[in-house]
Structure formats: C-alpha cells, structure tokens
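In what follows, a single structure is set out as structure tokens and then discussed.
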Amino acid sequence: MMPMVRGITTLLVASLLAHAHAQAQVPAARILTEAPAEARVRPQVVARLAANAGEQRVPEGRKIELTQREQGEAAGSMAGLAALGAAGSVQAASAAVVAAPMYLALGIYNQNVASRDAALGQALRGADVPAMMVKSANALLQSGPTGASSPVTLEFLIVNYGLRDDFIPSLDNMVCVAMQVDMVLSTAEQELYRDRITLGSGEPAEDVPPPACTSRSRLAGNNGQLLHQVLRDYADTFAAIAARRLPVLPWK
Amino acid sequence: MTVRGAAVFVLICAGVLVQGCASSWQSEAAATPVTYRLPESRAGRGVGNLKRLVVLPVVFDGGLVASFSKRSCAVQQDWVKEKFITDTVSVLQKKKDYRPVRADDPALPGGGRATLKLPLDEYARRLQSGNPAVAAELGAAYNADGIVLLRADYGSAIFSPLSTRLVLEARVLEVKTGRAAWSGSYWNLADMLCPVYVEALFAEIENAVPDVMIR
C-alpha cells in the first residue's frame, strides 16, 4: 500500500512541478489594447542600436543614443562582442561602446569564432540591422501619411545581436543567431508601451519563435549570405511581434 | 610516450569514435505550403515554408549484424524506431518551429489514418521514388504541407568491417509537388551504444515560418 501512496504522491508532485515549470517557461506576451485616439495612427518607425557602456561604469540599463557615426562603431563592436565572446568583450570595450546586457543575457559566447572565421565577423559587421527593422515594420503597416509628421513613434532599440554557441551532442561548431530588442511606442507626451524581446536566449514568450541555429561554416558561407538572411528574417519576426502586441496601430 | 601523452592520445581516439558525421541537402526550388497563406517576404524560400508536417513511421534496415551487446541497435530495433520518430517530432517542433504530427498517432481527431486506403508503410515505400498523387493524398488526410520520411540503417562501417554504425536519414517532401525539399543524414559508430542523435540529424534544417507571421 505504502509504495502505491508514495507513487501517487510522487506523480502528483511531479505533475504540479511540470505544470508550474510550463507556466513559468512561457509567459503571456503583454498586448497594448488601449491607447488614446491620437495614437492610433500610422507611426514613424525608427530603429537604432542601443548601447550600454558597461565597461565605462555607466549604470546598468542606461541607454546611450548614438550619432550616425557612433552607430557604425557600435555595430562593429557589438558584432565583435558577440563573435569574440568573453575575451573579446574587453577588446570591444576599447572601441567606445559595449552592449553589456546582451553579454550577460546570452550566456557564454564562443571565444574563437572571430579569429577562426573572419567571414562571420565581417558579415555581422556589414549587416545594417536598424535599416532591416524599419523596412520590415513599414512593410506591415497600412499605407498612409508617415514620416516625421506622425505624432506617434514606434522605436526598435537593438540592444544587441550576434551568435551564441549551440550545444548538440556529437556535433561541433553549431551556433544560434541571437537578437535582443526593446520595442517602444510613444507620443511626444508619454511612453505607451515598452517591452524587451529576446530571440535566441533568455525568457521565452508565446509569440517568440526559437532561434535559427546551424553550423558556423554554413552561416558564414557565401560571405555570410545565410547570416544576412537570418537577420532579415529576425527583422520580419520582430515586426510581426509588434503587429501582434500593438493592435492599436493600423497594420495591414 | 609519457602518461600525459598517452592520456591525450586516448582522449583523441575516444573523441573520434563518439563524433558523428552529419550532412544535409536542400532543394534550390521554392517550397509552397498548401494549408496557409505564405507571408510575402517568405516567397521563394525553401523547406521552412512547409510549416505543417506529417511524419511517417521509421523504416529500419537492420542487416545481418551479429552483436554481443544488449545495448546494441540490433537488439533494440523497436526502441530505435520509437526514439527516432518521437525525437523527430520533438526537435522539429521545439527547436525548428514546425508543426509535426505522427501519421500513426491514434489521438489525431478526424481524418488522418482513417481515410487512407493503404498501410502507412506502403505510403512510405511509394513515396521513396517520388509520387505526387500519393503525396497529395497524405497531405490532404493530415492537412499537411510536407511529409517526413525516416530511415534507420544499421550495419557494418565501410572503413572498418569489424565495427558497426547507425545511419539516420530523413527526407522532407513537398505535398504540393511530391518532390524533395530537404534531406539529411547522420551516422555514428554503434558498437558500444546505440546513438540515436536526432538533434544532430536535423541540426541544419532551416526554421519554419514563425507562428506570429502566419495570419
């Protein structure tokens, strides 16, 4: 009798734990259903690279808005950070800006990628991710008056993007493309919505797909053609997530 | 050779033995789904467009391999087949974002196997040589965009006749045309244990169209 009771208890506890684990693993996405009437128009879409100068003792979480020239440098150093990994972060820090949160959130990066495979690093640095974001979001929005005249701004702050190792038994050199974006909807007066979305690591959400993972060599082939394709796919995915989470905007 | 040198040598040899070998091929032709409307930005893309997949039972080619190990694939054929198909569904769903279903799943509501005229093994055999009509019939029965064929081959390793190896193969066929959109294979030595590493087999298949992009 006792083994049976113990078995049932174990089963109950296990199922409760599994249920709690499942609940914790997939939090519901926050959706903006209420907004002032003046905010329900086609927004001006902007995207930029946000950098946290973790190595320069800037308080964690503070965003530094960069000039056009600095954005170029940030793209290089972020890509370098992602590719170089922990050892590379120190070198990347000397390039002025480092995105510290991504480094923490995405775990341990492979330390040898950039040195072993220059093509990947070059492809990462050569990708204009902010432009991809703007293009994808604008393609999903209804046509209409837009630009600086819009009272609403939909901003994609790209906290970081890069590669992380993927551990598959018996295979080497597998990586996943990761990207972390703060999605912000605001008017001149107030911020209506802000959420951080990570594709590739961190907290999963119901509308965030698993990351694209493949071999490093395949990703780097043809001058990083596949890597650029994945980054464009990610931009499309973030735009689709924006359409789902911000139904107050005029999407197609 | 020093003790340290010997240890390094042993480690290298062990590494070579447990290291599998994976390869994959993808059609250059665009893949077209039949169960949903493809987002504009995905037009012209490959196997990832085939979001809903039906997975047919594993074909196991065992050969005549003597084995003295109870953990050998030769004496665990049913286990190999079940693990292969179960892990295939799991990996494609959780890591690659497809919506796979097992063709032999009795819990499938309506349609499915009940509407088929032949045993599932026969469908798998007919699809090996490419058969658009059969692909269309299966696709309609399971409301699928693609069909996954699985094959396990257990036999002697070419480079070492005294060793055995397990080869896992998968092909994804497009329901609309019946042609192959992706294929992959993975093999590993199988003398000491039976390495059904399905994640390695599908490591290079591209992700499916995300749910959030399907309206």
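Chain letters run A, B, ... following the sequence lines, proteins first, then strands; residues in each count from 1.
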Output the distance between atom [atom1] ([X]) and atom [atom2] ([Y]), rounded to the nearest 0.5 Å.
| X | Y | atom1 | atom2 | answer |
| --- | --- | --- | --- | --- |
| A:Leu171 | B:Tyr197 | CG | OH | 10.5 Å |
| A:Ile168 | B:Glu204 | CD1 | CD | 9.0 Å |
| A:Met174 | B:Glu199 | CE | CD | 8.5 Å |

Seminar exercise, completed: Taking every heavy atom of A:Pro169 against every heavy atom of B:Ala200, the minimum-distance pair comes out as O-CB, 4.2 Å
Seminar exercise, completed: In terms of heavy-atom contacts, B:Asn207 and A:Pro211 come closest through ND2-O, 3.0 Å
For this session: Write out, in numerical order, the residues from residues 29-51 of chain B with a heavy atom short of 4.5 Å from a heavy atom in chain A.
Result: B:Ser41, B:Arg42, B:Arg45
For this session: With chain A as the partner chain, list the residues of residues 80-91 of chain B whose heavy atoms fall under 4.5 Å from it, by residue number, and write 'none' if nothing qualifies.
Result: none
For this session: May I ask you to decide if B:Val212's main-chain N or O and A:Arg244's side chain share a donor-acceptor pair within less than 3.5 Å?
Result: no
Problem set entry | Under 4.5 Å from a heavy atom of chain B, the part of A:Ala239 involved |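 For A:Ala239, no heavy atom lies under 4.5 Å from chain B.
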For this session: Go through the steps for A:Asp166 and B:Lys95 under the test side-chain contact (heavy atoms from CB on, under 4.5 Å), then give the verdict.
Result: CA-CA 11 Å; A:Asp166 187 25; B:Lys95 296 209 74 173; 3.4 Å; yes
For this session: Would you mind telling me which of A:Thr237, A:Ile241, A:Leu140, A:Asp233 makes a side-chain contact (heavy atoms from CB on, under 4.5 Å) with B:Met213?
Result: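 With B:Met213 as partner, side-chain contact (heavy atoms from CB on, under 4.5 Å) holds for just one option, A:Thr237.
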Exercise. Side chain, backbone, both or neither: which part of B:Asp97 has a heavy atom under 4.5 Å from chain A?
Worked result: both
For this session: Determine the option with the most heavy-atom pairs under 4.5 angstrom with chain B, choosing from A:Pro210, A:Cys213, A:Cys176.
Result: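 That would be A:Pro210.
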